[in-house]
Amino acid sequence: MLRLRVLGPLGAEVAGTPVELGAPRQRAVLALLIAARGGVVPVDRMTDALWRGAPPAKAGVSLHAYLSNLRRSLEPGRPPRAPATVLVTVAPGYALRLAGDAVDAWRFETWVGRARTAPAEEARRLLAEALGWWRGPAFAEHADEEWAAAEVARLTGLYAEARELAVAADLRTGRAAQAAADAESLVRDAPLREEGWRLLALAHWACDRQADALAAVRRAGAVLRAELGCDPGPALREVEHAVLSGRLDVLRAAVPEPAAELTARTGPGLFVGRGQELRALAGAARAARDGGGLVLVTGAAGAGKSAFLDRAAARLREAGWRVVVGRCPEYEGAPPAWAWVEALGALAREVPPAGPEELTVLLREPESTGVPALDGEAGAGRFRMHRAFAAWLRAAASRAPLAVLLEDLHRADAETLALVEAAAAVTGVPLLTVAGYRPGEVGEHLLRTLAHLAPTAPYRIALGDLPLQDTVTLVAAVCGTPVDPATVAALAERTGGNPFYVLESARLLADEGALVAVSEVPQGVRDVLRGRLALLPAAARSVVQLTAVLGLEAEVALLVDAAEADEEQVLEGLDAALAADLLCEPGPGRVRFVHALVRDTVYADLSGARRSRLHARVARLLRHHRPGELAAVAHHFAHSGNTAGTPLTFAT
């Protein structure tokens, strides 16, 4: 079966084997015919497009040669002199004749169309798979060509619509937290599409974060006014008015019932385990009643820090603490100290500061920007603001125990961190500061703050992977029934007990069955891992890709020998991957992916050409330096796509 790809780099496979498509202009011939979507492209239009308006005298001869080469590649089994069936001659030119599912872009359009009218769960499944076909911009290597512009624009718009439909499907199935995260990514990538902002506001509202919902609408208004000089449309304004007036009918139109289907299947809150960690936080809170304290909560992406802090906030409120929460935003362009603006806005409604004029920068409206500069008179103003900030926290904590919870400190700007240091210096009153962050994403500013806080001996809580029994509980909760122990064990092995990975794999198990769940990477996990991998430097990504070709675990010495880089670059790349919690060291001289899902994502995202070349490189290395490892040599040669000249000798 022939498959063509244009959602990313141009590619073709015949019966699952990658096909060589030739030189750039020959590749452009195929891409041009795909862009025509089965229509006939006249010869003169093709030559004009391929040579950008200046075709040579023998352009027709070259075009015929390109088509002949492509026909041989795309129909390798066609008998000599038999008419072509894929790239066909139709007066006055040529056309591509393929079924609608043979080209990923055509298939994508069909699946999005089905998703528009499908039930929510079905739409979610269709869109997750369809969006997974994108490996880069549409017609990536030809996107700047005039003949591709219209089709690129159409597919790009369809891609944006599909992402919006996927968020809407998450909302309709009660997955509001996931919808909020995906909608945040939507508005970052396409800030002028109002539907993304509307979905983000609804997702925040569905998570009982009305302030965040209003902030999203106001951010949208600021962007639209700055970029287009216009105000938000009626759909966004309706959401804003509905939040302010408490009109739940607007929310229910997107989220039919509170935590609709997911709550019914998993129980309220979907929080499993962490009993020991919650008891540790309760102990730190009791100690903080005597004179304050600082708790640092760490965990890799997906470890459940936000869910843990939500549960901790509820426990602290039950214990008599006044709790305020701030979140360091993921998106760029947020005002400095935003997490404190969010937390202190809530505090001001209960305990107004004595000197609000010195705290204006922390009590500003969401659209406001600007913080005091760090030099001259503005620097003195910043000093007074910090003193007023500390005095306000002290006064508020003296009236009632105060807990400030800050999420995602690894994203914090310098001003947010400076205020964390100022809060930690407030002693003698029941003020508890709890901050969560990912240790694998600690930047320079946070490193300095952690060093500054170290002498205060903060209480540290590390959220590791779930033990097997908690994994069993979570999988059963999602599926609504006990699951075969062998299947749960396989999921635990693949996910390593990472709560988010377990949750997404359990959902895949519930929707698709055990065979799919233990062999494929859930789309949500794949998206998260791709984001983490994108943060790595180029050298580290190359090492991680090579490690994935070698398998779940690899010898460092073999990586160094197989890499097209010197030893120091390889070791630096490994250091970065280890620091990012993508790899671990199971023993001296060995590295291993922390979860099989990480390895599978990296390996699946390699292009066919790169994957084959890496396998070939490893195979040659093993053949010459480790000829006794016959199984490994055979495996890598088989996956290199070229076994010519690779005789293997087996002992008898």
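Numbering starts at 1 and runs along the sequence shown. For clarity, every value in this text was computed on a predicted model and none was experimentally measured.
In this structure a side-chain-to-backbone donor-acceptor pair under 3.5 Å is missing from Ser505 to Val502. Without hydrogens or angle criteria, Asn498 side chain to Asp465 main chain gives no donor-acceptor distance under 3.5 Å. Counting only distance, with no hydrogens or angles, the side chain of Arg322 and the backbone of Leu347 share no donor-acceptor pair below 3.5 Å. With hydrogens and angles ignored, the 3.5 Å screen pairs a side-chain donor or acceptor of His410 with a backbone N or O of Arg438. Distance alone, capped at 3.5 Å, is enough to place a donor-acceptor pair between the Trp197 side chain and the Pro191 backbone. Between the side chain of Glu504 and the backbone N or O of Pro522, no donor-acceptor pair lies under 3.5 Å.
By the neighbour-count criterion of 12 heavy atoms within 6.0 Å, atom CZ of Arg541 is densely surrounded, having more than that number from other residues, nucleotides or ligands. The environment of Arg116 atom CZ is dense: over 12 non-hydrogen atoms of other residues, nucleotides or ligands sit within 6.0 angstrom.
With respect to Glu194 and Arg198, no salt bridge is recorded, no charged nitrogen being found less than 4.0 Å from a carboxylate O. We find that Glu161 and Arg193 are not joined by a salt bridge, their nearest charged nitrogen and carboxylate oxygen being 4.0 Å or further apart. With respect to Lys305 and Glu407, no salt bridge is recorded, no charged nitrogen being found less than 4.0 Å from a carboxylate O. Arg237 and Glu240 are not joined by a salt bridge, as no carboxylate oxygen comes within less than 4.0 angstrom of a charged side-chain nitrogen. Ion pair Arg311/Glu277 not flagged as a salt bridge, since none of the NZ, NE, NH1 or NH2 atoms sits closer than 4.0 Å to an Asp/Glu carboxylate oxygen.
Remark: Trp205 CH2 to Arg209 CZ distance equals 14.5 Å, nearest 0.5 Å. For the atom pair CZ (Arg218) and CG (Leu236), the distance works out to 12.5 Å, reported to the nearest 0.5 Å. Distance check, rounded to the nearest 0.5 Å: CZ of Arg172 to CG of Leu165 gives 8.0 Å. The line from CG of Leu533 to CZ of Arg530 is 9.5 Å long, rounded to the nearest 0.5 Å.
No hydrogens or angles considered: nothing links the side chains of Ser306 and Arg327 as a donor-acceptor pair under 3.5 Å.
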Residue pair Arg448, Glu444: steps toward the salt bridge (Lys or Arg N to Asp or Glu O under 4.0 Å) verdict: CA-CA 6 Å; Arg448 285 201 294 265; Glu444 181 181 348; 2.9 Å; yes
Worked check of side chain to side chain contact (heavy atoms under 4.5 Å, CB included) between Val239 and Val243: CA-CA 6 Å; Val239 171; Val243 174; 4.3 Å; yes
CA sep, side-chain torsions, deciding dist, call: His386, Glu421, side-chain hydrogen bond (donor to acceptor under 3.5 Å, both in side chains): CA-CA 10 Å; His386 279 211; Glu421 296 174 16; over 6 Å; no
Stepwise side chain to side chain contact (heavy atoms under 4.5 Å, CB included) check, Leu192 with Leu228: CA-CA 9 Å; Leu192 301 184; Leu228 304 177; 4.2 Å; yes
CA sep, side-chain torsions, deciding dist, call: Arg411, Thr416, side-chain hydrogen bond (donor to acceptor under 3.5 Å, both in side chains): CA-CA 10 Å; Arg411 299 173 183 153; Thr416 296; over 6 Å; no
Verdict with reasoning, Arg124 to Asp170, per salt bridge (Lys or Arg N to Asp or Glu O under 4.0 Å): CA-CA 7 Å; Arg124 188 173 181 273; Asp170 277 342; 2.5 Å; yes
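Residues Gly497 and Thr471 approach most closely at CA-OG1, 4.3 Å, considering heavy atoms. Nearest heavy-atom pair, Trp321 versus Ala403, reported as atom, atom and distance to 0.1 Å: CE3-N, 3.8 Å. Between Ala423 and Leu393, the shortest heavy-atom distance links the atoms CB-CD1, 3.9 Å. Across Pro401 and Gly320, no two heavy atoms sit closer than the pair CD-O, 4.1 Å. Annotation for Ala180 and Leu200: closest pair O-CD1, 3.6 Å, computed over non-hydrogen atoms. Between Trp392 and Pro352, the closest heavy-atom pair is NE1-C, 3.9 Å.
Looking at Leu309, Leu281, Leu405 one by one, the single match for side-chain contact (heavy atoms from CB on, under 4.5 Å) with Val297 turns out to be Leu309.
Not counting sequence neighbours, the partners of Asp231 by the salt bridge (Lys or Arg N to Asp or Glu O under 4.0 Å) test are Arg225.
Under the 30°/60° scheme for interplanar angles, the aromatic rings of Trp134 and Tyr159 are found to be tilted.
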